[in-house]
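Note: hydrogens, waters and symmetry copies are ignored here, and every other heavy atom, side chains too, is used. Treat the numbers as computed from the prediction; the structure is a model and nothing was measured.
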Amino acid sequence: MTAYQSDFLRILSERGFIYQTSDDDALDKLFATESVTGYIGFDATATSLHAGSLIQIMMLHWMQQTGHRPITLMGGGTSMIGDPSLRDEARKLLTPADIDSNLAGIKQAFSSYLSFEEQGGSALMVNNADWLMDINYVEFLRDVGQHFSVNRMLSFDSVKLRLDREQSLSFLEFNYMILQAYDFTELNRRYDCRLQMGGSDQWGNIINGIDLGRRLDGSALFALTSPLLTTSSGGKMGKSASGAVWLNADMLGEYDFWQYWRNTEDADVERFLKLYTTLPMDEIARLGALQGAELNDAKQVLATEVTALLHGREAAEKAAETARVTFAEGQTAADLPTINIESAALDSGVGLLSLLVRAELVKSNGDARRGIKGGAVKVNDVSVADEKMVIDNSHCINDGAVKLSFGKKRHILVRKS
RNA sequence: GGAGGGAUUCCCGAGCGGUCAAAGGGGGCAGACUGUAAAUCUGCUGCAUAUUGCUUCGGAGGUUCGAAUCCUCCUCCCUCCA
């Protein structure tokens, strides 16, 4: 590990954010001597980002914390085309209205980590639709296209892998790296942006931007990539039992978000504390050194800290308390995720199967049946064997609510409305 | 333009007229063991008004008592030749 002079790179380095940079020394010098503007691009394909993007967001966060200016580049323009690598789904083209609402949803999460200009901070959010939508094809080819060598583009891993594997690569996708490179130069022109960050899979694209910047404007641009994140057992970041770990509270509640981090694998705890929390390094070292069951304490700290950054300290502690009551005491906490149901329905009784589906604990009646057969379903902490069970008012014993559980970890309260 | 090969359930991949809701693996979920961990073992993994019915094997037709499997046309992908 290089001994960096600048705060920004030193912090990123000791916390494990850095996979590679285009020019360690020059970049370090730049960050040590002036306030730098850097950016990361995000897709606008969903209404919320998920935990997989958190590492990028944290890099921007540290950038701002160390006195620099982060830019979040929203792919409003590139999303118009749709990422071809998503195959089937990519056929559905997003409408401008979709993209706008997605951008609004995504911005929600960012404002927890970054302080934007309208809130008196330095961070910027820009949309590449602003310049990509008006491009004139022939003009663009002449100005930008002439600087790209197809020979060289073919040598990039992202392209080579596809070709080697005999997978198709559309011309559209081939152009993606050109547009991304162009984004970088455009940000450089508009905002004096000097650095692009991203996952290590973005390396080739970022390098293209650097080259283009030098050729067009003679500017010195830099790349910094983060390691691709998987859990120690090889799983993808940001997936959980019920789907993606969304950052927006209306798509994934604080309690479920907290639970995701609480269930971190042992081997990942220290790594995640460094990446996803802002705790001081010596504190992390102490937590990471815990062994066996004690490591559970570290996991709780991890969950609470990560949740606090996103949803606020109060919500995080509430989630922690709910979890404590539910798991440590085996009680029914009043703050478990809750669904409401018409009181008339409960008066006449509701089938357990359909209730489980409504609570989104399972995805179909058949799924619910299987769960019951396998002993996974509990009503008010009592195992259920009868799939025809009907839930009515007599089951509302927890403060007027019924507690449904699927497995040991997923609980939900059903209340009358 | 010519010659071949291919498209199968979430993914990879078998199947090549009935016994196919479709082998095997991966992933996922649950159970056991634990520490709300990993590893391991076991079960499940299309939908439903559920000893039955319905929808699924790129798309549309056809042959047949019966098609993922055979035929025709179409779409897309790959390889080689031009």
- Item | Between A:Thr307 and A:Trp261: side-chain donor-acceptor atoms closer than 3.5 Å | no
- Nearest-angstrom distance, C1' atom, B:C80 to B:C73: 25 Å
- If you measure from the P atom in B:U49 to the same atom in B:C54, how many Å do you get, rounded? 16 Å
- Message: In whole Å, measure the gap between the P atoms of B:G17 and B:G13 for me.
- Response: 22 Å
- Across the strands shown, which category fits A:Glu294 at heavy-atom distances under 4.0 angstrom: base, sugar-phosphate, nothing? nothing
- Side-chain contact test, heavy atoms from C-beta onward, threshold under 4.5 Å: evaluate it for A:Ile106 versus A:Asn248 and give yes or no. no
At a cut-off of 3.5 Å, list every protein nitrogen or oxygen paired with a nitrogen or oxygen from nucleotides 43-46 of chain B, distance to 0.1 Å.
none

- Task: Have a look at A:Ala328 and say if it touches a base, only the backbone sugar-phosphate, or nothing, with a 4.0 Å heavy-atom cut-off.
- Result: nothing
- Under 3.5 Å, is there a donor-acceptor pair between the A:Trp131 and A:Asp183 side chains? yes
- Message: What residues from residues 371-381 of chain A pass a heavy-atom cutoff of under 4.0 Å to RNA chain B?
- Response: A:Gly374, A:Gly375, A:Ala376
- Message: What's A:Thr326 touching, base or sugar-phosphate or nothing? Going by heavy atoms closer than 4.0 Å.
- Response: nothing
- Message: Would you measure the distance from the C1' atom in B:C77 across to the matching atom in B:C70 and give it in whole Å?
- Response: 24 Å
- Query: More 5' along RNA chain B: A:Asn296 or A:Leu353, using each one's nearest nucleotide?
  - Reply: A:Asn296
- Of all the choices, B:G35, B:U49, B:U36, which nucleotide is nearest to the side chain of A:Asp266 once you look at every atom? B:G35
- Take atom C1' in B:U9 and the same atom in B:C20, then report the distance between them in whole Å. 12 Å
- Query: Roughly how far apart, to the nearest Å, are B:A68 and B:U56 at atom C1'?
  - Reply: 10 Å
- B:C71 and B:U63, which share atom name C1', separated by this distance in whole Å: 7 Å
- How far apart are the closest heavy atoms of A:Phe184 and A:Leu195, and which atoms are they? CZ-C, 3.7 Å
- Item | P-based separation of B:C57 from B:U69 [nearest Å] | 9 Å
